[in-house]
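In what follows, chains are A, B, ... by sequence order, proteins preceding strands, each numbered from 1.
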Protein chains: 2
Amino acid sequence: MSRRVLVASRNAKKLKELRRILDEAGVAGVEIVGLDDVPAYDEAPETGATFEENALAKARDGAAATGLPCVADDSGIEVDALNGMPGVLSARWAGRHGDDAANNALLLAQLSDVPDERRGGRFVSTCALVVPDGTELVVRGEWPGTIARKPVGEGGFGYDPLFVPDGGSVSAAQLTPAEKDAASHRGRALRQLLPALAALAED
Amino acid sequence: MSRRVLVASRNAKKLKELRRILDEAGVAGVEIVGLDDVPAYDEAPETGATFEENALAKARDGAAATGLPCVADDSGIEVDALNGMPGVLSARWAGRHGDDAANNALLLAQLSDVPDERRGGRFVSTCALVVPDGTELVVRGEWPGTIARKPVGEGGFGYDPLFVPDGGSVSAAQLTPAEKDAASHRGRALRQLLPALAALAED
């Protein structure tokens with residue numbers, strides 16, 4: 001029998017991503033369920049000052065409400081020329097939560113006069129795992145790159161079309177899912193959780 | 001005969017502000033002229049990473065182009081919850097230069113979930129004085145306060161309606177010009193230039 005683990009997200013792409021990473025790592029015995037698969041509960045608002053704070057609050061809420069081990073992430077893009085913002089405000093940078101097109105347009109406009117040598121940044125993902133027995137784990141993955149001058153590519157989501165990972169010349173939205181998992185901030189963070197998830201499956 | 005000093009601005013409010021501060025300090029013999037009073041020249045774009053860089057570039061350009069001592073400022077608002085941004089991008093935070101209403105609305109939206117205890121910030125003004133003899137002076141004034149949850153007041157410009165200076169409960173847009181000069185970031189910066197301006201008048 002497999003151990004159910006709640007991923008505190010309704011984002012189908014995030015759930016698939018974690019399932020792919022578990023599969024690829026050969027972690028068996030873990031069944032990922034999303035928020036749509038469990039009874040509704042009051043979810044923590046993402047109002048923390050740090051990714052860590054937000055991820056941990058969401059994972060604690062999910063574990064407490066369902067009795068399941070819970071994984072939650074908070075992710076965003078840190079732009080050097082904006083002192084690390086949009087950061088925890090990435091999803092609502094232009095003022096409305098989840099409006100990718102508006103967020104991308106605003107970021108481009110803010111950086112319009114910023115020269116190439118100052119367009120560096122990174123995607124950051126913080127993942128928390130909270131087990132009802134009291135175990136808490138918080139990990140961080142980073143993906144360094146630069147901010148392009150126009151969106152490119154059709155894949156991914158969020159700021160992917162503007163983000164050119166270091167070492168290449170294509171945007172994150174031009175990578176295949178497998179390529180993205182191997183390099184991305186969320187992939188790097190989630191892989192740090194694999195030993196703990198594998199241990200849960202063996203309990 | 002008075003010594004002409006160029007203030008590298010077309011903002012009538014900034015010119016009046018400096019004239020008031022000179023008058024109040026009893027600095028005589030300095031005639032402030034604005035960019036509209038001198039032959040047009042190529043002005044440095046404000047693309048620096050710091051207020052200091054922008055102010056100094058503008059003052060150097062003005063002095064070189066006109067042969068007059070030149071004062072230039074770069075100012076903005078630093079919000080703690082945005083890691084010090086909008087900063088040098090204050091005037092074009094929403095993407096279009098000088099759209100105060102859009103900038104204010106965006107800042108409010110970005111901070112909508114930020115609790116009162118994390119709404120601190122400060123207005124910053126950096127002023128540079130460049131004299132064609134080679135003298136360069138760069139000074140900085142700061143005005144600490146908090147970011148309100150809605151605009152209040154009809155005076156001032158920029159982010160004044162959102163900014164509540166520490167020690168009071170009214171916004172910068174509710175102060176009289178004299179009250180604002182006495183406390184503001186730009187007043188604090190400009191007053192640091194008065195000895196050098198007075199010395200110019202005596203040359």
Side-chain angles (χ1 to χ4, degrees), chain A residues 43-54 57-58 74 76-122 124 146-147 149-151 159 162, chain B residues 43-54 57-58 74 76-122 124 146-147 149-151 159 162:
Chain A
E43 296 167 45
E46 293 188 2
T47 57
T50 65
F51 294 120
E52 282 76 7
E53 212 178 307
N54 286 330
K58 280 193 285 186
D74 195 34
I77 192 164
E78 294 181 346
V79 177
D80 294 343
L82 301 180
N83 291 350
M85 301 305 295
V88 291
L89 300 180
S90 292
R92 51 193 149 145
W93 190 232
R96 290 197 316 164
H97 192 94
D99 189 339
D100 287 352
N103 289 336
N104 278 273
L106 176 60
L107 183 61
L108 278 180
Q110 289 171 327
L111 299 185
S112 62
D113 286 335
V114 174
D116 289 349
E117 65 271 22
R118 290 201 291 114
R119 299 180 74 89
R122 69 207 59 75
V124 175
T146 58
I147 313 305
R149 292 195 174 270
K150 58 179 202 304
Y159 296 91
L162 296 185
Chain B
E43 297 165 45
E46 294 187 2
T47 58
T50 63
F51 295 119
E52 283 74 9
E53 212 178 306
N54 286 330
K58 280 193 285 186
D74 195 33
I77 192 164
E78 294 182 346
V79 176
D80 295 343
L82 301 179
N83 291 350
M85 300 307 293
V88 292
L89 300 180
S90 292
R92 51 193 149 143
W93 190 232
R96 289 198 316 165
H97 192 94
D99 188 338
D100 286 352
N103 290 335
N104 278 274
L106 176 60
L107 183 60
L108 278 181
Q110 289 172 325
L111 299 185
S112 62
D113 287 335
V114 174
D116 289 348
E117 65 271 21
R118 290 203 289 115
R119 298 180 75 89
R122 70 207 58 75
V124 175
T146 58
I147 312 306
R149 293 195 173 270
K150 59 178 201 303
Y159 296 90
L162 295 185

- In terms of heavy-atom contacts, does CZ of A:Arg149 have more than 12 from other residues, nucleotides or ligands at under 6.0 Å?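 Above 12, so yes.
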
Which atom of [X] lies closest to which atom of [Y], heavy atoms considered:
X        : Y       : value
A:Ala109 : B:Gly95 : CB-CA, 3.6 Å
B:Met85  : A:Ala81 : CE-O, 3.9 Å
B:Arg118 : A:Ala49 : NH1-CB, 3.5 Å

- Item | Contact class of A:Thr47 relative to chain B, heavy atoms under 4.5 angstrom |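 Both parts, backbone and side chain.
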
- Message: With a 4.5 angstrom heavy-atom cut-off, is it the side chain or the backbone of A:Leu106 that approaches chain B, or both, or neither?
- Response: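 The answer is the side chain of A:Leu106.
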
- Would you check if the side chain of B:Asn83 reaches a backbone N or O of A:Asn83 as a donor-acceptor pair within less than 3.5 Å?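 Present.
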
- Check the pair A:Leu82 / B:Leu89 against side-chain contact (heavy atoms from CB on, under 4.5 Å), numbers first and verdict last. CA-CA 9 Å; A:Leu82 301 180; B:Leu89 300 180; 3.3 Å; yes

